[in-house]
**Student:** 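Submitted below is the structure of interest, expressed as structure tokens.
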Amino acid sequence: MARQPFIVDFLKNDKGGKIFVSILLVTMFVVPALNLLVPADSFFHVPTYTVTLLGKYLSYAMLAIALDLVWGYCGILSLGHAAFFALGGYAMGMYLMRQIGDRGVYGNTELPDFMVFLNWTELPWYWQGFDMFWFAMIMVILVPGLLALVFGWLAFRARVTGVYLSIITQALTYALLLAFFMNELGFGGNNGLTDFKDILGYDLQADTTRVSLFFLSALFLILTYFLCRFIITSKLGRVVVAIRDAEDRTRFIGYKVESFKLWIFVLSAMIAGVAGALFVPQVGIINPGEFSPLNSIELVVWVAIGGRATLYGAALGAVIVNYSKSYLTAAFPEVWLFALGGLFLLVTIFMPKGVIGLWNQMRLKLQGKKQPIAENKIE
Amino acid sequence: MLSIKELNQFYGESHTLWDVSVDISQGSCICLMGRNGVGKTTLLQSIMGLLPIKSGSIEFNGTTISGKAAEVRAKLGIGYVPQGRDIFGQLTVEENLRVGLSVTGRHTRAIPEQIFELFPVLKDMLHRRGGDLSGGQQQQLAIGRALTLNPKILLLDEPTEGIQPNIVQQIGDIIIKLNEEQNITILLVEQKLPFARRVGKNFVIMDRGRNVAQGEMSDLSDKLVQQYLTV
Amino acid sequence: MRRDKVFDFVEQKRLPFSGRRTVIPGEIDVTHGPILYLENISVSFDGFKALNDLTLYINDGELRCIIGPNGAGKTTMMDVITGKTRPDTGSAYFGQTMDLTRMSEYQIAHAGIGRKFQKPTIFPQHTIFENLELAMAADKRVWPTLFAKINTAQHEKIIEVMDTIGLTELCYERAAQLSHGQKQWLEIGMLLMQNPRVLLVDEPVAGMTHQEMDKTAELLKSLAGKHSVVVVEHDMDFVRSIASTVTVLHEGSVLAEGTMDEVQNNPKVIEVYLGE
Amino acid sequence: MTLSSRKNIQILLSLIFIAMLSAGYSAAALADSIEPKTETSVAIVISFEVATASLTAGSYSDREQVIKKLYTVDDERVLPVLQQMLKSKLYYIKKTKQLVFIKKIDGSYKTTSILNNEDAGLFEKNKLKKVKVNNKLRRLLRGYIAQLGLKSTDDAVRKAAVKQLLKNINAETIAVLQVLDKKETNSSIKELVAAGVSIWNLSSNDKATQLASIKALSKSLVPEVKLKLQEIIEDTEDATIKKAAISSLKKIDSKISIFGFLENLVFGLSLGSVLLLIAVGLAITFGVMGVINMAHGELMMLGAYTTFVVQQMLPNHITASIFISIPLAFLVAGAFGVAIERFVIRYLYGRPLETLLATFGISLILQQLVRSVFGPTNQAVQTPAFMSGSLEINSIFAITYNRLYIFIFAIVVLLLLMLILKKTRLGLQVRAVSQNRTMAKAMGVKSEWVDAMTFGLGSGIAGVAGVALSQLTNVGPNLGQAYIIDSFMVVVFGGVGNLLGTFVGAMSLGVFNKFLEPWSGAVLAKILVLVFIILFIQKRPRGLFPKKGRGVED
Amino acid sequence: AGNTIKVGVLHSLSGTMAISETTLKDTVLMMIEEQNKKGGLLGKKLEAVVVDPASNWPLFAEKARELLQKNKVDVVFGCWTSVSRKSVLPVFEELNGLLFYPVQYEGEESSKNVFYTGAAPNQQAIPAVDYLMNEIGVKRWVLAGTDYVYPRTTNKILEAYLKHKGVKAKDIMINYTPFGHSDWQSIVSDIKKFGSKGKKTAVVSTINGDANVPFYKELGNQGVSAENIPVVAFSVGEEELSGIDTKPLVGHLAAWNYFMSVDNKENAAFIKKWKTFIKDKNRVTNDPMEATYIGFNMWVKAVQKAKTTDVDAVEKAMIGIKTPNLTGGMAEMLPNHHLTKPVLIGEIQEDGQFDVVWETEGLVPGDAWSDHLPGSKDVVSDWVKLKCGNYNTKTKKCSGQNFK
Ligand SMILES: Nc1ncnc2c1ncn2[C@@H]1O[C@H](COP(=O)(O)OP(=O)(O)OP(=O)(O)O)[C@@H](O)[C@H]1O
Ligand SMILES: Nc1ncnc2c1ncn2[C@@H]1O[C@H](COP(=O)(O)OP(=O)(O)OP(=O)(O)O)[C@@H](O)[C@H]1O
Ligand SMILES: [Mg+2]
Ligand SMILES: [Mg+2]
């Protein structure tokens, strides 16, 4: 019984994935059409506001998948994944800042406004090159990847695991948060990077640009899903899960656990970076707040709510929580935290495997299949 | 003293114990046998209250205990030595023994000398972490720990697994001693026939979650062995 | 019978053992007979000596039983061989050339030492099939693993092993569902898949019925010759049924060594281990 | 040069002039006649009644004149009036313009006349008006009070007075000091006086005296001494004096740097004790029970709010309120903890990560709860008298009382907790349950009860930590968020499940931080501490005090 | 659209900024309620649309878009931190919305779509320093701030200003701390040491938000009294003080354009209204509330003047509008979208109120672009004549901000 090629396997066995990808494919084309082609006063018109919002959710969903890859499958609970997201975002933000050119408030051709403002005289070296799109895009992947590589190399080699690993990832993002808050670092301090004008020559405020960004977010999300699905259904995926469940055992049958962890961690960081890069032009700001440890914790919550180790579940969780947030902050601005907190509680108590887990459970029940009680000890 | 009636147990959807009924009278020493995976451990855990049961009843000394929590059953006098020993790894040997004492309100008192008489190793290792002991030492600790509760019945799940021969003998002797001198009822899960024959007075054989044969140890025929204990 | 140290330069060339090179089992130098050299090994935990100046050689293709009281250091010895525990002093060589104390766990596994743990450890969330597949001898680096495919030979091997361990029916069930004894078997199966030069088997028949025990004995005996097998076991019947040479450990060092009969009649062994 | 400083110099010059003239005057007479004499020497002597009467009207500068006049009045009622005025406790009755001292009694004010200390009746606040003072007046008042205070029998008052005098040393102050010195018994005051005299002698024309006093000064840590020495080094042309001054200064500097080191150490330990307090409760709920308790911060917040509520109910017993708050906060936070455990956590044992999710939800709910009940703004929690101020070791080194008490408090809490875990039945059972829940149950341990109690204990301690925090920082809905990350950091750094580790971890992080801060700045220090933690964990992947033994890996 | 005029309220009601911003939300609601009692505006009722951007900057942008595009509000009152304003600014410019920003800030901005009703640096910092220098005779300066843009800019401006006034570099100590800094032991000790050098020393504090409470507590405990080393703060108002035990702080200073303690009829009425509205007789008022009050009233007047809520018309009408402020003067909207304001220096009293000890003679016009920063010396803002928020008088160009 040889294993099937990836695409056959996907079509045959990945029911949830198929639904997930189809929904994305549909929205990917329908939403832009409804925005651009349907007149604004029509009932079917999708306002740009919604398009951008969806785009934001999708980039969050991508981030959630990235985390699910390392946490759900490899058992590395990273409480610092927002850092990679933010770094990708900053790389994109820097490109966008450079595109402003002399359209800043001070009309300085060389320096971004915040540098003029703090009497910087020349562009720091690490800003060089960011006026080129390709360079910035490489950085979007490279910077988070490198950070993950160095950090992961140190941590995995030293066999830091469990909560210890979680907490130092948190320390990492916290340190970056503080560092980026420092104005001297040259990333705009607390105000971050804002007031972007255009991307690749297209006006960021034009509907077409926004729609394209949304389209790209959906596209990248699908690609990410395929990539991750390919990985986890490969033998490497099984090794990774083996590491999660019995790390030592995996070593004793001859796998270099550190390398596997590092590989998956770096890949995940890169995906997070891309998600960040898609996020920034759509929300129009990147500031150190994105490094906040609480963001990373929330991210873990998205994944848990959707359902760990399911990929699309993570994406679903991201959308559910963020949509609830969008909705609740407008509908119940004064008490919405009760609702959100309550949601988290309910999900944990009544849906231990997340929304997708509940769905699967119901399906299994219908099919009357036997399922193991054994604890899924992920840590 | 312990009577199990029509016990059914499920792991999720999978039906593991099927209408198991066993009667254990005061002072008996019953050996529970069966192939791997027939449900011996499951039965013991159900008696101890560590697994929820679907139907059936468990009575202990006349009271129904099937609805009671494990800790209550322990205090009523059911001692349990689990398969795999389950020592409190970070607690010292002494603390492992004190856990049992603490629930009976005697936690300030000294650990009964009797335990050290039975297992002199434990005395030497009193301040070593339980988790650091070798497998055999842990097994001894597990039995000792169960004894701190002053149990009326002792459930032993493969207590000789991984134990050196002379201690296996000792454990056999101890079980007999506990049973005969201190009148503790014994329910022993055992794979090794010689040991089972030596220690047990009665036997129960399980197969695929069912109680398929029982009787006095002398009645354990080769045929039964052939039928239920051979692969 | 110390390990050959005549040519010091030979040793130099091999070190440090590079992580990138995959070691093919064939490279192991057994020209001097033994495949495992444990010399003067001591291990202590918080001052307690678990191994005390232990010296032990295992010959290529040999089936060796190691017995000894609980806490004698048998498991610790295996820990040292597989790189889980680093000895305080002493050396451990695999063949003439590989210094086990300098290799990491996965390198040792790669080099050809496989192990079954005292407490069965398997991958609970994987099916039986996958457990075996993971253990299978193959290129275990990251990228090759990502694109790995099972070929027919490998597939057959898995089927064969599954048959041997009697879990064919449960092939696609998750390992978490197995009972204790079944897990023992699965772990033995994984060991077979690894196809190592040396098998370290820690208490394989614990929790098995007598018949299963016989089956295991058969299996291990059939492996000897092509592989070296080191078995730790307390069940004397089992030991008797398989062993040619038996080593008795006590308090971290060798107490006696010889044939089963020799050992069995050794008064010291009787005193500390066998009993009447 | 600004107007006011020019005036000061004028005053100074005239003082010196007078000093030279009146060398033979008795020192006591001088003491009464410093500063004001230069301006009021021509003024007629007025009575206390007349002087005070004009306090009720006019601008700040009018009042300044009145105070100056008042100071010259030789009347023992002057000092209390000045003191109360300084504390903004001098009022007058709007209707009668009668000046009074006030004392708050059940919402209204009991007044006593400043003239004869007789009862002037009970008034509502709006019937009274304060005699307002600003910083300038306060400074003036403090100076006068200091000089009047030299006669005080209270050591602290005298000390403050002497210190005040040291700020402006001249012939008269020296004369005053010398008189004081003869009667003075308190050694630390004597030291101050000696420093003052030596400083004065530095300006003498006799080189021997100068050198002697320079030498004498090398032992003094009074800040003015250092300034003076620096001045001499810059100004003097005499090489020997310069050399002596430099060597004295060096001695002082080396002492200062020792005390600087001590100061950093003390700062570090006190930061450490705060870290310890915020982490120690978590060391139970997270370290021992394995619950990733994101609501830990909010439980501290509940403790802080408890303090606030207690103070609201006992507005006149601030000191007592703190002592009442400690057990009460324990109970309140503990009760919340038990509730959280009973209604949420207990469904999640064996799923440690789910506890993160659930407690994160709880933390959001608790935050909003506090916001809805108490409002979104911070609440004022008062500092009891015994916790304000500082314990002065010498002129440059002091330990603030609140830090001192918090340090002691943290240690006490830690010790109690260790005792509970090591010596009590609950402690043993907690550890058993946390390691193997099923087996503990099979051993007869009421695991549910143990869980609830343990979580309650950890939460209660968080509450107690909140009481301490209320003395240091904001009491508001964000309190918890501000500390949660740090507390996890400390617990993990120390080694999960090890109280001693938590202690050592907290203290070393505190000290490390405080030694970095002076040269790296606060922001970078914090970052460096985090980087340090990251690197440290590489060396010790299970914290400072890891769990040991072979049981750990499996 | 419809029968109501919609007023968006974009203040954080949760997260770190809720402490400050919730009050402003309530203020807007109070103003709306009152305006409706007066019969509304242009014959329509005002309707508040409250959202919670939760102290999260991307969420601010999202909510701004939601208010403008989905709820179609006619005006928005909102934001506190600079970053929140920066985050929503492009949205307001893109969708041509109208934002009233009620908090003192670092300046260096003037958008067509924003009216800045809080103080610019020249309406707070500089007068405060003047006061300390001239009235108190301060010679040595500690500029302590949280490390973000407002303190950085303000301190840059102040440093330039002090040096210009002849203060030597060694007499200026600058110190930055992270957000929410809570352990002030070392810094206060440093300040004490810096202040023990014989010259009169003062601290100019741009420490933000939550960090103030532990800072003042530490000051009190280490015995830094206002007479020795006064601290003048730009972010500490009545509301912040209501969360601190003020006994040890008496005499420390703050510079604002409004204090609750200012005694006049308008203020008394406002305070009374506020206390009834919020149903809490202990609640205080503060400067950003006054700025909201002024902004709201101005907007009402401008709408009445323009007879429409159309943003362009209202924007035009706004300039030159005068409404009474709460300190007895008139606030006027200048062509640079900033206000004229009096500057008051107050001393902290034991009851948590400020006592005004000094006041500028007349009103100070807000300056969007500081004259003390090299980058912005030459920039001016004028939305009437130049139609530009950042016109460079040297290059004669108006750049950026999407106005081509
Ligand atoms: N946690 C579990 N979830 C699902 N099924 C389980 C679980 N534990 C055991 N089983 C199944 O229940 C059956 C009985 O298991 P049990 O452990 O009681 O066997 P046993 O008789 O004790 O075997 P052994 O002699 O190997 O210990 C087995 O088929 C096993 O696969
Ligand atoms: N990590 C450790 N810390 C402290 N002591 C240890 C540790 N590991 C092993 N020991 C001690 O070393 C001794 C040898 O243990 P080992 O497990 O090797 O024995 P064994 O021969 O395998 O025994 P068994 O037959 O019971 O499995 C035991 O006394 C044990 O307590
Ligand atoms: Mg079993
Ligand atoms: Mg062993």
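Everything numeric in this text was worked out from a predicted model, so none of it was measured. These numbers come from the heavy atoms of this one structure, side chains and all, not from hydrogens, waters or symmetry mates. Lettering follows sequence order; numbering is per chain, from 1.
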**Student:** At a 4.5 Å cut-off on heavy atoms, which part of C:I158 comes close to chain A: side chain, backbone, both, or neither?
**Tutor:**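 It is neither, since no heavy atom gets under 4.5 Å.
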**Student:** Apply side-chain contact (heavy atoms from CB on, under 4.5 Å) to the pair A:W263 and C:L146, showing each step before the final yes or no.
**Tutor:** CA-CA 11 Å; A:W263 191 88; C:L146 179 61; 3.9 Å; yes
**Student:** Using only atom types and a distance under 3.5 Å, with no angle test, would you say the side chain of C:K140 pairs donor to acceptor with the backbone of A:I253?
**Tutor:**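 A pair under 3.5 Å: yes.
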**Student:** Does the side chain of C:F117 come within less than 4.5 Å of A:D248's, by heavy atoms?
**Tutor:** no
**Student:** If you round to the nearest 0.5 Å, how far is NZ of C:K149 from NZ of A:K235?
**Tutor:** 12.5 Å
**Student:** If you draw a 6.0 Å radius around CZ in A:F226, do more than 12 non-hydrogen atoms from other residues or ligands fall strictly inside?
**Tutor:**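 Above 12, so yes.
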**Student:** Are any of the side-chain heavy atoms of C:K84 and A:R251 separated by less than 4.5 Å?
**Tutor:**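 Side-chain contact under 4.5 Å: no.
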**Student:** Measure the spacing between CZ of A:F252 and CD of C:Q194 and express it to the nearest 0.5 Å.
**Tutor:** 11.0 Å
**Student:** Parallel under 30°, tilted from 30 to 60°, perpendicular over 60°: which one fits the rings of A:F230 and C:F147?
**Tutor:** tilted
**Student:** Starting at CZ of A:R244, measure out to CD of C:Q125 and round the result to the nearest 0.5 Å.
**Tutor:**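 The CZ atom of A:R244 sits 5.5 Å away from the CD atom of C:Q125.
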**Student:** If you look at every heavy atom in C:T145 and A:F260, which pair is closest and at what distance?
**Tutor:** OG1-CZ, 3.6 Å
**Student:** For A:E258, is there any backbone N or O sitting under 3.5 Å from a side-chain donor or acceptor partner on C:Y106?
**Tutor:** no
**Student:** Would you indicate whether C:K226, at its atom NZ, is surrounded by more than 12 heavy atoms from other residues, nucleotides or ligands within a distance under 6.0 Å?
**Tutor:** no
**Student:** Of the non-hydrogen atoms in A:A242 and C:L134, which two are nearest, and what is the gap between them?
**Tutor:**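 Smallest heavy-atom distance, with atoms named: CB-CD1, 3.7 Å.
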**Student:** Of all the heavy-atom pairs spanning A:R238 and C:H126, show the shortest one and how long it is.
**Tutor:**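 Answer, listing the atom of A:R238 first, then C:H126: O-NE2, 3.0 Å.
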